[in-house]
There are 2 protein chains.
Amino acid sequence: MMGMLTLQPMSGYDLKKLTEISIDNFWQENYAQIYPILKQLAEEGLAVKHTEKQEGRPERSIYALTEMGQQALQKWLAEPAEDQVERHELLLKLFFGVQVPLSVCIEHVRSYREKQVRTLETYEQTESAVIKRYEPNTNVPYWRIALNYGRHHTRAVIAWCDETLLALKECEEQEALLATKND
Amino acid sequence: MMGMLTLQPMSGYDLKKLTEISIDNFWQENYAQIYPILKQLAEEGLAVKHTEKQEGRPERSIYALTEMGQQALQKWLAEPAEDQVERHELLLKLFFGVQVPLSVCIEHVRSYREKQVRTLETYEQTESAVIKRYEPNTNVPYWRIALNYGRHHTRAVIAWCDETLLALKECEEQEALLATKND
DNA sequence: CGTGTCATGTAATCAGTTACATGATTCA
DNA sequence: TGAATCATGTAACTGATTACATGACACG
C-alpha cells in the first residue's frame with residue numbers, strides 16, 4: 001500500500017482498483033485488509049488522511065505517504081524478500097494422478113494450459129495499456145521487469161503443459177493397446 | 001495427507017518427513033496441521049488408526065486409508081484445482097524499485113538467482129534419489145510430471161534473472177555516465 | 001428495473017504459523 | 001555434553017477471506 005501511495009495520494013478504493021490492474025498477478029489485497037492498513041498507517045504517522053467531499057457520492061478518504069512513510073518503505077524494500085510458502089494444488093492432484101483415470105489428469109492440464117494462455121494475453125494488454133501509457137515514467141523499467149517475470153514463467157508453464165499432455169496421451173494409447181490385447 | 005496414505009499406512013511424523021522429500025516444492029504442511037487432520041480423518045471414517053508400541057521410544061500412531069477415504073480422495077482429485085492466491089514479495093519489491101538504489105535491486109535478483117540454482121540442483125537429486133529408486137512404481141510417471149514442472153519453472157526464472165540483471169546493470173552504467181557528465 | 005460502479009467500513013470465520021510441552025535415544 | 005532425531009500433541013496468535021451493512025448514481 002505504501003508503495004502504491006508513492007505514485008500518488010489515493011483512497012482505499014483507488015488502491016484496490018490500481019492493484020487489480022498492475023500487481024494483481026503477484027499480489028492481491030482486498031478491502032477488508034486495505035482499510036485497516038490505511039487506518040494503521042495514519043496512526044503510525046506513515047501516512048496522512050484528508051477527506052474529499054463529493055456531491056451525491058460518499059466521501060473519499062485520501063491517504064498520502066509522509067516523509068516517515070517513504071523512509072519506512074525504502075527500509076522495507078532494501079530488506080531481502082522472504083520466500084512465500086508455495087502451494088500448487090494442480091501439481092498435488094497430478095502427483096497422485098495414478099489414483100484417477102488418465103482422462104481426468106489430461107483434462108486438468110488442458111484447462112490449466114488454457115488459463116495460462118489467457119494470462120499471457122493479459123500481460124500483453126498490460127504492456128500496451130498500462131506501461132506504455134505511463135512512459136516516460138521512471139517506474140516503467142521496474143514495472144516491465146515484473147511483467148517479464150510473468151511472461152517467462154507463463155511461457156515455461158505452457159511448454160510444460162504441452163510436454164505433459166503428450167506424455168499423458170502416450171500413456172492413454174498404451175492403455176488402449178493393452179485393452180485390445182486382453183480382448 | 002490422504003494421497004500420501006495411498007502409498008502406505010503412516011504416522012503423522014512419517015507424513016511430515018515424506019512430504020519434505022517429495023512434494024515440498026509445491027506443498028508444505030506442518031505438525032500443527034497434520035495431527036489434527038489425521039484425527040479428523042479418523043473421526044470421519046476416511047482413515048483408521050492403530051498404535052505400534054516401541055521400546056524406549058514414544059508410541060507410533062499409524063493411519064491407514066479406508067475404502068471410503070480412497071473414494072473421497074478420488075473425488076477430490078477429479079475436481080478442478082482451485083488457483084491459489086499468488087504472492088511474490090520479490091516482484092513487489094522490484095515493482096517499486098525506483099524508490100531504492102539500483103544496487104539494492106541488483107542484489108535482490110542476484111540472491112534470488114542463486115536460490116533458484118540451488119533449487120534446480122535439488123530437483124536433480126530428487127530425480128535420482130527418490131524417483132529412480134521407486135521405479136517401476138506406477139506413481140513414478142506422475143511424480144516426474146510434477147518434478148518437470150519445477151524444472152521448467154526454475155529454468156525460466158533463472159533466464160529472467162539473467163535478463164533482469166543485464167537490464168539493471170545497463171541502467172547502472174547510464175547513471176554512472178550521467179554522474180561524470182555532471183562533474 | 002436490474003446490474004454495475006462508486007465508496008467505506010466491521011464482524012465472523014477460516015487457515016496457517018509459532019511457540020510450548022515432554023522425554024528418551026543416538027551420534028559426534 | 002550438546003545437538004539431532006524420534007514422536008505426538010495443544011494453545012495462542014497472525015493473517016486472510018467471506019459475509020454483512022449501507023446507499024446513491026449511471027447505463028442499457
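Below, chains carry the letters A, B, ... as their sequence lines are ordered, and counting in each starts from 1. As the structure is a computational prediction, the values presented were derived from the model and not from experiment.
- The separation between A:Glu29 atom CD and C:dG9 atom P is 16 Å, rounded to whole Å.
- Between B:Ile37 atom CD1 and C:dC14 atom P the separation is 16 Å, expressed in whole Å.
- Side-chain contact, B:Gln74 with B:Trp76: no donor N or O sits under 3.5 Å from an acceptor N or O.
- Side chain to side chain, A:Tyr149 and B:His88 meet the donor-acceptor criterion of an N or O pair below 3.5 Å.
- Rounded to an integer number of Å, the gap from B:Tyr31 OH to D:dT10 C1' is 16 Å.
- The side chain of A:Lys49 sits closest to C:dG9 out of C:dT17, C:dG9, D:dG9.
- Straight-line distance from the CZ atom of A:Arg60 to the P atom of C:dT5: 17 Å, rounded to whole Å.
- At whole-Å resolution of the value, NZ in A:Lys53 and C1' in C:dA7 are 16 Å apart.
- One interatomic measurement links the two molecules: CD of B:Gln84 to C1' of C:dG16, which rounds to 13 Å at whole-angstrom precision.
- Distances from the side chain of B:Lys39 to the nucleotides D:dA16, D:dT10, D:dG9 place D:dT10 closest.
- Across the interface with DNA chain D, nearest-nucleotide mapping of B:Pro36 and B:Val85 shows B:Pro36 to be the residue nearer the 5′ end.
- Distances from the side chain of A:Tyr35 to the nucleotides D:dT8, C:dG9, D:dC6 place C:dG9 closest.
- Looking only at distances, a side-chain donor or acceptor of A:Glu89 sits under 3.5 Å from a matching main-chain atom of B:Glu82.
- Not one side-chain nitrogen or oxygen of A:Arg87 sits closer than 4.0 Å to the OP1 or OP2 atom of C:dA15.
- Heavy-atom distances to DNA chain D give each of A:Gln28 and B:Lys17 a nearest nucleotide, and the one nearer the 5′ end belongs to B:Lys17.
- Across all strands shown, A:Glu59 has heavy atoms under 4.0 Å from sugar-phosphate atoms exclusively, and none from any base.
- Remark: A:Gln54 is not in phosphate contact with C:dC6, judged by side-chain N or O atoms under 4.0 Å from OP1 or OP2.
- Closest to the B:Ser11 side chain, of the nucleotides D:dT8, D:dT17, D:dG9, is D:dT8.
- Side-chain N/O atoms of A:Tyr13 include none lying less than 4.0 angstrom from OP1 or OP2 on C:dT8.
- Summarising the geometry, the separation between CD on B:Glu20 and C1' on D:dT5 is reported as 12 Å, rounded to the nearest angstrom.
- In this structure, the side chains of B:Leu177 and B:Glu173 stay at 4.5 Å or more apart for every pair of heavy atoms.
- Phosphate contact (OP1/OP2 of C:dA15, side-chain N/O of B:Gln33, threshold under 4.0 Å): absent.
- Donor-acceptor pairing under 3.5 Å is lacking for the side chains of B:Glu59 and B:Gln54.
- Of the candidates C:dG9, C:dT10, C:dT18, the closest approach to any side-chain atom of A:Ala32 belongs to C:dT10.
- Side-chain atoms of A:Gln174 and A:Glu170 include no donor-acceptor pair closer than 3.5 Å.
- Nucleotide D:dT5 holds its C1' atom 13 Å from the CG atom of B:Asp14, rounded to whole Å.
- In this structure, the nucleotide among C:dT8, D:dT17, D:dA7 sitting nearest to the side chain of A:Asn30 is D:dT17.
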